[in-house]
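For reference, the structure discussed in these notes is given below.
These numbers were taken from a predicted model, which means no experiment stands behind them. Both backbone and side-chain heavy atoms feed into the values below; hydrogens, waters and symmetry mates do not. Numbering of ligands and ligand atoms starts at 1, following listing order.
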Amino acid sequence: MAKLYYESDADASLIRGRKVAIVGYGSQGHAHALNLAESGVDVRVALRDGSSSRAKAEEAGLKVMQVPDAAAEADVVMLLLPDTEQAAVYERDIAPHLNDGDALMFAHGFNIRFGQIVPAPGIDVAMVAPKGPGHLVRRTYVEGGGVPSLVAVSQDASGKAHDLALSYAHGIGATRAGVLDTTFAEETETDLFGEQAVLCGGLTALAQAGFDTLVEAGYQPESAYFECLHELKLIVDLMYEQGISGMRFSISDTAEYGDLTRGPRVIDNHVRATMRQILEDIRSGAFADEWIAENRAGRPVFNELRRKGAEHPVEKVGAELRAMMPFVGAKQRLQDVSGG
Ligand code: NAD
Ligand code: MG
């Protein structure tokens, strides 16, 4: 078993002895800033001029500053902007104000792993990456719990970067749930692979393909929706609670026999080879290069694919059926499932 860190493994005083700037007040930013402040840490939130988040952060009792001023005043800077915005803001507003001995932190390794941000050698560079959306990082902390998190160090100028990252993790409540060591490379590569091949890309393509197959064969779209999308959650909940074998215990023997014999025909060796290719494109930097270029070009492919996805027939029938099931609670879920 890998080593996990809990409450007593962290020195809570380290982060309390520093001046922390939280850059960005979105999903992760609001949760880190509020949790750290309530853990007794000296926090300032760094926002750009005219940010719509300024009022929210100030109402919550937090000190809000311009990014360059916060970077100058702080000695720990946590970058919680969208990954595609981080490099430009870092170059312009943060790097000129970092001094040797300061720490730069991330909640995801993309910009360090793919060389978009290259901090000066005298700076500690660490990651504290909650394995859950920011709204849960906040809610669980308030309830006395936390979200399991990963920590990593890519540059240890002070020799204390790991201790500081653990102390930060303690401040946001993560050591209540468990903190695991990783590297920037492992966190970035597994995160991208998971969202592309399994969690987001794989799952949405599987649900759409199953829906299309039934509708093409003449079945009602409503039946296809319940079968290929609505029921996913029920099955995933069982897997989440009891593993794959536990889920299989709850389904009928007929379902289980179909699962065991047909599943590997759907996810066959061709699909596994494609998964290895997708992983290779992540590791080689080909995916990162593509995504960075797509952003520089104003996201033409992204916007077109997003529009097409929203027009898929499964969306129309799904919206109608969910409207009849108010207990499904779409609003709350939409907030909770963003990002990661
Ligand atoms: P977000 O989109 O929710 O929030 C980003 C914030 O940055 C917003 O307040 C936005 O107004 C602000 N912002 C955007 N552009 C800016 C600019 N140019 N200058 C100043 N402020 C700007 O982002 P997020 O989802 O919280 O992600 C932040 C980091 O956390 C990313 O590295 C992400 O990979 C990581 N992360 C996110 C999640 C998640 O569940 N959302 C989970 C783990 C890690
Ligand atoms: Mg993720």
Can you classify the ring geometry of His108 versus Phe110 as parallel (below 30°), tilted (30 to 60°) or perpendicular (above 60°)? tilted
Using the ring of each side chain (for Trp, its six-membered ring), is Trp291 parallel, tilted or perpendicular to Phe302, with breaks at 30° and 60°? tilted
[X], portion touching ligand 1 at heavy-atom distance under 4.0 Å:
X	result
Leu81	both
Gln28	both
Gln86	side chain

Near-ring test Tyr5/His170, centroid separation under 6.0 angstrom: no
May I ask you to check whether Ser51 has an N/O atom sitting below 3.5 Å from an N/O atom of ligand 1? no
Polar contacts were defined as any N/O atom of the residue lying under 3.5 Å from an N/O atom of the ligand; does this apply to Gly24 and ligand 1? no
Please enumerate all residues that pass side-chain hydrogen bond (donor to acceptor under 3.5 Å, both in side chains) together with Lys316, with sequence neighbours excluded. Glu320
Which atoms of ligand 1 sit under 4.0 Å from any heavy atom of [X]?
X	value
Gly26	3 (O), 4 (O), 6 (C), 8 (C), 9 (O)
Pro130	43 (C)
His108	32 (O), 34 (O)
Gly132	40 (O), 42 (C)
Ser53	9 (O)

Is the shortest distance from a heavy atom of Leu47 to ligand 1 less than 4.0 Å? no
Are a donor atom and an acceptor atom from the side chains of Asp212 and His312 found within less than 3.5 Å of each other? yes
So if I apply the side-chain hydrogen bond (donor to acceptor under 3.5 Å, both in side chains) rule between Asn111 and each of Gln86, Gln116, Glu85, which one comes out positive? Gln86
Are Glu38 and Arg138 ion-paired here, with the side-chain N under 4.0 Å from a carboxylate O? yes
Is the closest basic N to carboxylate O distance between Glu304 and Arg307 below 4.0 Å? yes
Evaluating non-hydrogen atoms only, which member of Glu85, Glu187, Arg48, His32 is closest to atom 13 (N) of ligand 1? Arg48
Among Leu80, Val147, Asp83, closest by any non-hydrogen atom to atom 31 (C) of ligand 1: Asp83
Listed by chain and number, what are the salt bridge (Lys or Arg N to Asp or Glu O under 4.0 Å) partners of Arg299, not counting sequence neighbours? none
